[in-house]
Amino acid sequence: MILAIETSCDDTCAAVVSDRGSVMSNIISSQLGHEDYGGVVPELAARQHMELIATVVDLALARAGVRPAELEAIAVTSGPGLAGALLVGVGYGKGLAEALSIPLRAVDHIDGHVAASMLAPEPPDGPFLALIASGGHTMLCRVDGAGPGWTQLGSTLDDAAGEAFDKGARLLGLGYPGGPAIDRLASDGDPGAFEFPTASGVDGLDFSFSGVKTSLLYTVRELGEEASKSRSADLAASFQRAIVSQLLDRIERGLERTGFERLAIGGGVAANSLLRSEVGSLGIPVAVPAMEFCTDNAAMIGRAALALPDLSADRMRQLDVTPTVHRGGQHN
Ligand code: KG4
Ligand code: ZN
């Protein structure tokens, strides 16, 4: 049994995963208060992790019916993410591992999103292409073996896909996080009502979402406040359509480039209903994890840790976190 802890952003998460990869419990405590600021406030996130971590870990153990003494290892996200937020999980994980005299494993957050494909109802069998799209990352990668290893084939040149959803939602006066809000509103709208760019001119397997965001900004300005409000469902549906079209286009390019016939999607944006239904029409097996394994969670961290070695006592003592480096501005 592995206890996994994930605190890289604004969700305090703990899970118990068996050495065969079955998820015994998966507790996600989504923090409150960030929506008042329109995005994640790093200091607020770290403080709330401090308040919540012990309860969330206790709950994960109780739900799994596992006593601390039965744990064989602890897995913790060591980056990338918000430094202060990560430190809470790493500190707690280290302390618990020391107290229980069991090893610690450090997991990369993106490895976790890739490993979530193994928690899908139909996990990929053999090499596969993976689209990982979240609030902080958007990338296409190839996964050749059963381990956590992957090779990046393309990534975003500017905003992440989830960030584009969040910024678009703010322009439409919806709350944070924006992805679920746009997804809900879009179901009442016409995806063909507005034409937003899909970055088809960006070569290769890279993504760009700054154009679609700017285009939404100009459209909202041109329409004016009242018309934007009355047509918000059409705007949301068209905006979502443009983002998902770009994701699908790069997936198709990636499948062609690699010759792979299997796909996995992961990260918060993989919770998007349009993306989930569209990948079903590609005519190949697609690993689509349950929603709770797409957005940040600790089960995926525990699953990724199965393929990782225990840290030596020295490495455990020295374990530091890897903060996210943003290209420009603040994420969200
Ligand atoms: O993986 P995640 O929980 O955290 C990061 O690692 O960033 O992803 C969060 C992102 C947010 O930007 C959120 O708006 C987006 O995933 N998201 C969605 C949906 N649910 C969450 N985007 C589109 N449609 C959704 N249903
Ligand atoms: Zn994530």
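What you see is a predicted model; the values in this text were computed from it and never measured. Note that ligands are numbered from 1 as they come in the structure, with each ligand's atoms numbered from 1 the same way.
On a distance-only criterion, Gly268 and ligand 1 share at least one N/O pair closer than 3.5 Å. In terms of polar-atom proximity, Pro177 is not counted as a contact of ligand 1, lacking any N or O under 3.5 Å from an N or O of the ligand. Backbone and side-chain nitrogen or oxygen atoms of Gly267 are examined, and none is located within less than 3.5 angstrom of a nitrogen or oxygen of ligand 1. In terms of polar-atom proximity, His109 is counted as a contact of ligand 1, with an N or O under 3.5 Å from an N or O of the ligand.
Counting heavy atoms under 4.0 Å from ligand 1, residue Gln240 does not touch it at all.
No more than 12 heavy atoms of other residues, nucleotides or ligands lie within 6.0 Å of CZ in Arg47, so this atom counts as exposed by the packing criterion. The 12-atom threshold is exceeded at CE of Met316, counting heavy atoms of other residues, nucleotides or ligands nearer than 6.0 Å.
In this model, a donor atom of one side chain and an acceptor atom of the other lie less than 3.5 Å apart for Gln240 and Asn272. Side-chain atoms of Gln31 and Ser29 form no donor-acceptor pair, as typed in the model, at a separation below 3.5 Å.
Its N, O or S atom nearest to the Zn ion (ligand 2) is what matters here, and for Asp296 that atom is OD1. Considering just the N/O/S atoms of His109, the one nearest the Zn ion (ligand 2) carries the name NE2.
Heavy-atom proximity to Gly136, at under 4.0 Å, picks out these atoms of ligand 1: 7 (O). Of all atoms in ligand 1, listed by their number and element, those nearer than 4.0 Å to a heavy atom of Ala271 are 20 (N), 26 (N). Under a 4.0 Å criterion applied to the non-hydrogen atoms of Asp183, ligand 1 contributes the atoms 24 (N), 25 (C), 26 (N). Residue-ligand proximity, His113 to ligand 1, at heavy-atom distances under 4.0 Å covers atoms 1 (O), 6 (O).
Under a 4.0 Å N-O distance rule, the pair Arg241/Glu278 qualifies as a salt bridge.
Looking at Asp206, its side chain never comes within 3.5 Å of a backbone N or O of Gly204 through a donor-acceptor pair. The closest donor-acceptor contact from the side chain of Glu70 to the backbone of Arg67 lies under 3.5 Å. No donor-acceptor pair closer than 3.5 Å links the side chain of Asp249 to the backbone N or O of Ser245.
Residues Phe209 and Thr138 are in side-chain contact: their nearest non-hydrogen atoms beyond the backbone lie under 4.5 Å apart. Side chains of Cys13 and Ile27 form no contact here, defined as non-hydrogen atoms less than 4.5 Å apart.
Between Ile301 and the choices Val107, Ile5, Val17, the side chain to side chain contact (heavy atoms under 4.5 Å, CB included) rule is met once, by Val107.
The residue from Asp166, Ile182, Ile110 that puts a heavy atom closest to atom 11 (C) of ligand 1 is Asp166. One option in Val40, Asp10, Val244, Asp296 has a heavy atom closer to atom 5 (C) of ligand 1 than any other, and that option is Asp296. Across Val269, Ile132, Asn297, Asn272, heavy-atom proximity to atom 24 (N) of ligand 1 is greatest for Asn272.
At a threshold of 2.8 Å, the Zn ion (ligand 2) has no backbone or side-chain N, O or S atom of Cys9 nearer than that distance. Residue side and main chain included, His113 places an N/O/S atom under 2.8 Å of the Zn ion (ligand 2).
Heavy-atom separations between Met291 and ligand 1 are all 4.0 Å or longer.
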